[in-house]
Amino acid sequence: MIGGNLTATIQLKSPNTNNIGEVINDWMDYATIKGYLDLLSGTSTKSHNTKTVEASNVFISDYNELVRNLDTSKCRLMINHRVYEIKFIDDPMELHDHLEITLNLLGIAND
């Protein structure tokens, strides 16, 4: 059992149409999982007095069949008000022991 020190919420994209016909994506909570977040790589640069950060992270959690089979183009991960793009969900060696979810930090959630 992996357990973890962080709780992450997986959200699914739910496209809706507003009153003038524009498609607006709402995000609906799908699953809550516990795990560990680690930095795989990252850079921090300054350009025009603005700090830019690019990071790739991995979230390691217990195996979950529902999470393993998600379409990553339609979901994202939320941890401590930070929004992460899900790049890939891996079940290492197909052992069904744990998941390694590769992420890119997008920013802070607008609540």
Side-chain angles (χ1 to χ4, degrees):
M1 177 176 221
I2 298 292
N5 65 340
L6 293 173
T7 300
T9 302
I10 296 174
Q11 296 181 324
L12 297 180
K13 192 184 303 184
S14 175
N16 289 317
T17 306
N18 66 12
N19 56 359
I20 61 171
E22 294 175 307
V23 175
I24 299 186
N25 289 318
D26 290 329
W27 292 95
M28 308 300 288
D29 290 355
Y30 174 73
T32 301
I33 56 177
K34 290 191 70 76
Y36 296 99
L37 182 68
D38 198 10
L39 182 67
L40 290 175
S41 66
T43 60
S44 177
T45 59
K46 279 199 166 195
S47 174
H48 305 287
N49 294 326
T50 303
K51 187 173 183 178
T52 304
V53 177
E54 293 181 22
S56 293
N57 300 83
V58 64
F59 188 78
I60 301 171
S61 70
D62 287 315
Y63 182 79
N64 181 315
E65 187 75 27
L66 295 175
V67 173
R68 171 66 184 108
N69 294 315
L70 282 174
D71 178 355
T72 59
S73 69
K74 297 179 181 175
C75 57
R76 69 182 187 180
L77 197 76
M78 301 281 296
I79 303 172
N80 294 333
H81 303 288
R82 288 189 172 96
V83 181
Y84 294 87
E85 172 188 23
I86 297 176
K87 302 298 281 179
F88 186 70
I89 300 172
D90 186 27
D91 174 12
M93 296 181 281
E94 300 292 325
L95 292 175
H96 305 323
D97 177 63
H98 69 281
L99 296 177
E100 296 178 1
I101 305 171
T102 306
L103 308 166
N104 276 341
L105 177 63
L106 297 176
I108 304 298
N110 297 328
D111 292 336

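Along the sequence shown, the residues carry numbers beginning at 1.
Using a 4.5 Å heavy-atom threshold, the side chains of Thr9 and Gln11 count as touching. Contact check for Thr72 versus Lys87: no side-chain heavy atoms found under the 4.5 Å cut-off. Side-chain atoms of Ile101 and Val58, non-hydrogen and from C-beta on, never get closer than 4.5 Å to each other. Using a 4.5 Å cut-off on side-chain heavy atoms (C-beta onward), Ile108 and Val83 make no contact.
Remark: Asp38 CG to Glu100 CD distance equals 10.5 Å, nearest 0.5 Å. Separation of atoms CE (Met28) and NZ (Lys13) is listed at 15.0 Å; rounding is to 0.5 Å.
With respect to Glu85, the side chain to side chain contact (heavy atoms under 4.5 Å, CB included) criterion is satisfied by exactly one of Leu77, Leu105, Asn104: Asn104.
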Self-check item: Worked verdict on Asp90 versus Leu99 for side chain to side chain contact (heavy atoms under 4.5 Å, CB included)
Solution: CA-CA 6 Å; Asp90 186 27; Leu99 296 177; over 6 Å; no
Exercise. Evaluate ring pair (Phe, Tyr, Trp, His ring centres under 6.0 Å) for Tyr63 paired with His96, printing each intermediate quantity in order.
Key: CA-CA 6 Å; Tyr63 182 79; His96 305 323; 4.7 Å; yes
Practice problem: Evaluate the side chain to side chain contact (heavy atoms under 4.5 Å, CB included) criterion for residues Met78 and Tyr84: first the C-alpha distance (whole Å), next the side-chain angles of each, then the deciding distance (0.1 Å), finally the verdict. | Solution: CA-CA 6 Å; Met78 301 281 296; Tyr84 294 87; over 6 Å; no
Quiz item: Which is it for Asn16 and Val23 under the side chain to side chain contact (heavy atoms under 4.5 Å, CB included) test, yes or no, and what are the steps along the way?
Solution: CA-CA 6 Å; Asn16 289 317; Val23 175; over 6 Å; no
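Checked by atom type and distance alone, the side chain of Asn57 never pairs as donor or acceptor with a backbone atom of Leu103 at under 3.5 Å. At least one donor-acceptor pair closer than 3.5 Å links the side chain of Asn64 to the backbone N or O of Leu66. The main-chain N or O of Met1 is never found under 3.5 Å from a side-chain atom of Asp62 such that the two would form a donor-acceptor pair. A donor-acceptor pair under 3.5 Å links the side-chain atoms of Arg68 to the main chain of Ile89, judged by distance alone.
No side-chain N or O of Ser14 forms a donor-acceptor pair with one of Asp26 less than 3.5 Å apart.
Minimum interatomic distance between Cys75 and Leu12 (heavy atoms only, all atoms of both residues): CB-CD2, 3.7 Å. Nearest heavy atoms, Ala8 versus Phe59: CB-CZ, 3.7 Å. The minimum heavy-atom distance linking Ser61 with Ile33 is given by the pair OG-CD1, 3.8 Å. Closest of all the heavy-atom pairs between Asp71 and Ser73 is OD1-OG, 2.8 Å. In terms of heavy atoms, His98 sits closest to Asp91 at O-OD1, 3.8 Å. In terms of heavy-atom proximity, Ser56 sits nearest to Leu39 at O-CD1, 3.6 Å.
Residues Trp27 and Leu106 do not share a hydrophobic cluster, defined by chaining ILVMFWY side chains whose heavy atoms lie under 4.5 Å apart. Cluster membership for Leu70 and Ile79, using ILVMFWY side-chain heavy atoms within less than 4.5 angstrom, is shared.
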